[in-house]
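Structure record follows, encoded as structure tokens.
Here is the naming used below: chain letters follow the sequence lines, and residue numbers restart at 1 for every chain.
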Amino acid sequence: MSKQTSAVEPHGWTKFFLHTNGWLVYFFFYAPILLLVVFSFSDSRNVGTWGGWTLEWYAEFAESRNARSALSTSLQIALVSTVVSVVLGTMSALALERFEFRGKQVFDALLYLPIIIPDVTMAVMLLLFFSQFFELLGTVFGIELAKGVGSITLSHIAFSISFVSVVVRARLAGMDSKMEEAALDLYATRWQAFRYVTMPQILPGIAGGGLLAMTLSLDDVVITQFVTGPGGTTLPVYVFGLIRKGVTPLINAISVVMLVASMLLVVLSLLLERSRSGSGTA
Amino acid sequence: MNTKHWLRLLAGLFTLTLLAAACGSDDDESSGGADCEVGEIDGDLAMYNWAEYIDEEQLQEFADEYGISYSLDSYDSNEAMQPIVSEGGSGFDVIVPSDYMVSVMISAGSLMLLNYDAIPNSSNLSDDFSNLYFDPEGGYSLPYQWGTTGIAVNTAVVGTDFPRSWGIIFDPAISGQFDGQIQLLNDPRETMGAALKYLGYSMNTTSEDELAEATELVAATAGRLAAFNTDSADEFLTSGETVIAHGYSGDMFVQFLETDNPGDYVYFVPEEGGTRWIDNFAIAHDAPHPCTAHTFINWMYGADQGAALTNWNYYNTPNAAAVAGLDEDLLDFVNDPAVLAGGVDSLEALEDTGDFEVNYSDAFVEAKG
Amino acid sequence: MTAVEAPEADEEVLEVTPEFEAAAERQERRRGFLLALPEFGYLTLFFAVPLVIVVVYSFATRNRFGGTDLSGWNVDSYVKLAEPLVREIFFRSVWLAALTTVICLVIGYPFAYYLATRSLRVRNVMLVFVMIPFWTNFLVRNYAWRVILGNDGPLTKTTEFVGLGEHEYLFTQTAVVLGLVYGFLPFMILPLYAAIERIDRRLLEASRDLYANGFQSFRHVLLPLSMPGVIAGSILCFIPSLGAYVTPEILGGAKTTLLGSYIVTQFLTARNWPFGAAMSFVLMAIMLAATVVYFRKGGRTL
Amino acid sequence: MSAAVELTAITKRFGDVVAVDAIDLVIEDGEFFALLGPSGCGKTTTLRMIAGLDFPTEGSLKIFGDEVGTLPPNKRPVNTVFQNYALFPHMNVLDNVAFGLKMSSVGKAEARAAAREMITTVQLAGLEARRPTQMSGGQQQRVALARALVNRPKVLLLDEPLGALDLKLRQEMQGELKRLQEELGISFVFVTHDQEEALTMSDRIAVMNEGRLLQVATPEEIYEKPVNRFVANFIGQTNLLEGTVENHDTVCLANGARVAAPSEHATGTAVAVSLRPERAHIRDRGDIPPGETSVDGIVERITYLGNARVYDIRLDWMTMEVREENRPGMQVCEPGTDVSISWDPSAISVVTD
């Protein structure tokens, strides 16, 4: 985009409206977050009643074996499911956007189903499937598998993979396929062309898809609850249980910790990105 | 590999799966109890319990004592837990289903017959809990904790001069001035049950006429409510969102004690009667470590451990030997005779009504509008 | 010097034949297929097969204990879908979801445009700041709104202070819509932003040159060009709104039953799995049909 | 010495569509060669087959005597300047140019040094750290050239290299390309649909239409002696006078007039006589120089071009264009004037379909 201002640059009331709307949207997004952060320091068991400053909820979080193990289970599942869905999702996005093959239409349709299916339905589907699939593995192949972290991870991949594909594919569609040909013409192998030309350009899409997958995994309660087994209590499921027993600022403290952690992650990746592009290497 | 081969393999797997589905659910695998010695351990403990219903330290103590490790996972409704266990392969040992769910799970073959020889402490069970409707011989379950469902009132707003009746919720003549500050549980059986009780019927009725009458009553009340809510009934009351609340005894007691002036709140089961519910220890039909499970239940049934459980979660204990070990302030709340306005006999347990469950669910949705 | 030498003499040089070309093309197709295969296989095993199982269940019967008997196949569950109660819930849910979508669009469009017209660096930072709130658990966010909207909450206090009198916000349909808008606004903003960012701004200048005023160039140039984003955003907003059940429960006080809650009720309260399965299957089919229509109309990205 | 590129009976089919139909083509080393034709004529497909981006269906494709038809693009000693350049937007100029060398495992330092040198050759020194998006069209063009040339390809392929540039820049780049080609001494094969560009730049031109090669010759030959109606029409402006061959020296035009037109075609063949507008002259009616052929018509319209005027002359059965250079004191006819058009018999060519 050119830097010079043009006649279409919003001005007057339009500009004022756009600015105001922008700030209001941010205010809307952050109001509950702000409240959440503030009340995580409240010395009262009830969220919403201010009871003076305290750090006791963070201490409780640090001490609670339950909360910590739920957090680590969640992170573990989120990490694995994100990595797997990013890899598989990017591959299939490439296949759909750059290749022709038999069964493409069927695949294309199948890809959108997990996005539009209601949570509960998918949860019930997977519950029925896993109990029978594991039984089948047991009786036919003699492999004994128990539900838990494994089945939850498999399920999370099943619903985030489509989102990754769709996001990456949109990015690929916006990228001239001549770039890849140019790379091949310049002696790159297929892999090198992907590695040095395609991937850097669709990286925002891959990152976006990955973040989406991560968010979905870290947020999911319904599906997790249905396919869980021993050791499979994730943070949202734990929080859901806590809420049933009363919403205490402990939940806020947990959320704040996760919020800060994810923000640090993003800031770090932005810094990395900047330093990399600054040095001017490919 | 050839595409066709893949498809054939998938089709084969799929057919097998369906077959397994068709056969698997009819199997009754719960017949034989486990052959365990007292204190026998056959692996780590995997417990599946309601959230925040047991102190982790207590579990750790058990684990340390027997030199094993444990896992604790939680659910928030019987209905969420049941399919997990019933479908098999859950990997859980000890579970804590509520009364009606015990009978459902027995019928579904999801529970293991208990071997009482391995649970000598079961003699501590209070006599009030013999011959329970949902498990007449107690073959599959041992009560864990129990409580009631009733009404909590903020007396600072409502005053103390009110009838101890469901009418305080359902009769506008009594509570009309508090419209928009009343809450009912978001649970078809509890809420329809409360209305049925007020009308003088059984909360386990299978009469469509009686249910229709109750539906009308709830529908008429819906407009006067702040919310239908289960999770936060206690908090709404103490935060001032509501002044008359429908909720569970233990939740309410815990919440009262959290406030600066617990004396402002009162919990009671109306004179028409209310729900008594019992949560129970049970062992999953395919528990991987049945002996550890038995040993754990036996250990929990000791006097000290039973008291520790109640002192942590504020619900009533079915363990007669544990009563002596309960905290003083707890006894004031829990054992106050005024809590049960209609006496113990007015309490009723929610039973599984079989096919009629669907009617309850639909009636509730209809009543909410 | 050449960077790549011509093929060595001993290197096998294939002759150009239709067979070679066909083989190369086959290899290319196979490459595509192999790339898609892992996800294809995964979705088949962990999605399509379970889906078929659930469809099978929708024709089964609920037994007395709330289990499902895989025998006595019937279509009762589908017949039950025609009951007035279900119809009423369906239309109410569609109305609320549509309302949510429209509000998201009205708020999200100018915001996305605003984003797309910032400088590249600012834009990225702003986008990240849109996403950050959504990295907290959605339950927790909903509960935070409950505090804000509550009787003694900041919002009530503000309106009282400003002199607008006392207002009830919590446990109203307004609260439900607000919660839904909050939850799904980013799903509207992101595709809109992507669509608007792609538009050549010179086209707007051209329309101005052709005597369009600001609104006309929006109406006739910007809006049509960003239509794919509008539709994608609307689908991404509408679908989860229609299936939502946590927000109506927490912020709406569960006073009105929406489709999402009704389906959950079938599985988790009435334990009527066949009916729950039938209903979710039909819901999914409707959404699929809507999406297919969108793609037929030339949409590309979701 | 073998040819730089040699296509023998190369055919490319996409399903049922024949994109390139059994063409034979030899491009000599050091030649500036143009593939010219309307869009969809198969010229780009031909170029892509040489680059290795598409595989031919049949035929033989040799580069310096080696059969390469089945090799992937990264194994061929040719490089391409793509239409719209296809520069890598995430890399700066230096990395774009060094890309090919890095991929062919030349050391990083060496690759960069070579890239710098090539950037200087295309007169972009000092802009190494820029991103392609921060550059003008002409600069991007140079980057694309440098990126291809730094690899010292045996043949450089250019796909509509100047299409995206404005007129002035295009003319500048035409000279630049020519200069580079002469300096490097390798063959440039470029695809264009712009006949003027092809004429000015190339040593030889191949005119293509509907997948077939119609004529391969020098610009002069193509212009002066088009082999058929399509070539005559596509290259420059021309008047096509329909007729039939009467004998080796004469064609009988549609209106019955006989004109001197030597041809090899058999008697009775339907042909057209191609007459370039600048080769015909406007005469006063009947005032025909000896030895010239003429037809009569009426001036319909005159277009002033600065250095010349173009007359549209209506004949009984068609309209012809005649171009007269502007000379001082020259007499200009008004529209409606009765005139004759005359030309030297050597100025025409007889073409068939």
Side-chain angles (χ1 to χ4, degrees), chain A residues 1 6-8 14 17-18 21-22 25-26 29-33 35-36 47-48 88-89 91-92 94-96 99-101 107 110 112-114 116-121 124-126 128-129 154 158 161 165-166 170 173-174 187 211 215 219 236 239-240 243 247 251 255 258-259 262-263 266, chain C residues 3-4 28-29 31-33 35-36 38-40 42-43 46-51 53-54 107 110-111 113-114 128-141 143-145 147-148 150 194 198 201 204-205 208 214 239 243 260 263-264 267 273 280 283-284 287-288 291 300-302:
Chain A
M1 288 284 130
S6 87
V8 296
T14 320
F17 165 71
L18 284 176
N21 182 66
V25 168
Y26 276 115
F29 279 155
Y30 280 88
I33 305 301
L35 183 111
L36 202 108
V47 176
L88 297 195
M91 281 167 67
S92 72
L94 268 175
L96 286 171
F99 292 89
E100 287 301 323
F101 54 92
F107 181 45
L110 180 61
Y112 285 97
L113 287 181
I116 61 173
I117 200 166
D119 278 8
V120 237
T121 314
V124 171
M125 268 164 52
L126 287 166
L128 293 173
F129 172 75
L154 288 172
I161 199 171
S165 291
V166 168
Y187 312 119
L211 280 178
T215 313
D219 245 9
V239 168
F240 205 52
I243 283 170
V247 186
I251 294 169
S255 309
M258 290 192 64
L259 196 66
S262 43
M263 279 170 76
V266 166
Chain C
V4 164
E28 196 67 5
R29 279 165 178 272
R31 206 171 259 155
F33 182 75
L35 269 177
E39 179 170 345
F40 198 11
Y42 196 96
L43 283 182
F46 292 105
F47 188 86
V49 171
L51 182 65
I53 297 179
V54 103
I107 300 176
F111 186 77
Y113 182 78
Y114 183 67
V128 169
F129 274 93
V130 170
M131 292 304 296
I132 285 176
F134 296 87
W135 294 339
T136 53
N137 187 277
F138 85 114
L139 277 170
V140 176
R141 289 197 305 270
Y143 275 92
W145 271 112
V147 173
I148 292 179
R198 262 199 286 253
R201 305 257 316 284
L204 288 182
E205 292 174 21
R208 278 321 212 12
I239 287 175
I263 294 179
V264 174
F267 285 115
W273 286 23
S280 26
L283 184 61
M284 198 185 73
M287 287 173 175
L288 184 65
T291 324
R300 245 186 91 68
T301 48
L302 244 189

Flag the pair [X] / [Y] as yes when at least one side-chain heavy-atom distance between them is below 4.5 Å, and no otherwise.
X	Y	value
C/W273	A/L128	yes
A/F129	C/V54	no
C/F40	A/S92	no
A/V25	C/Y114	no

Which pair of non-hydrogen atoms, one from [X] and one from [Y], has the smallest distance, and what is that distance?
X	Y	answer
A/L126	C/P50	CD2-CG, 4.3 Å
A/M125	C/L51	CE-N, 3.6 Å
A/A95	C/L35	CB-CB, 3.7 Å

Quick check on the 6.0 Å ring-centre criterion: do C/F111 and A/Y26 meet it?
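That pair passes the under 6.0 Å test.
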Please confirm whether the backbone N or O of A/L18 pairs with a side-chain atom of C/Y113, one donor and one acceptor, at under 3.5 Å?
no
To the nearest 0.5 Å, what is the distance between [atom1] on [X] and [atom2] on [Y]?
X	Y	atom1	atom2	value
C/E39	A/L110	CD	CG	8.5 Å
A/F29	C/F129	CZ	CZ	13.0 Å
A/I251	C/Y143	CD1	OH	8.0 Å
A/I33	C/I132	CD1	CD1	9.5 Å
A/T121	C/M284	OG1	CE	8.0 Å

Give, as side chain, backbone, both or neither, the part of [X] having an atom under 4.5 angstrom from any heavy atom of chain A.
X	answer
C/Y42	side chain
C/L43	both
C/F267	side chain

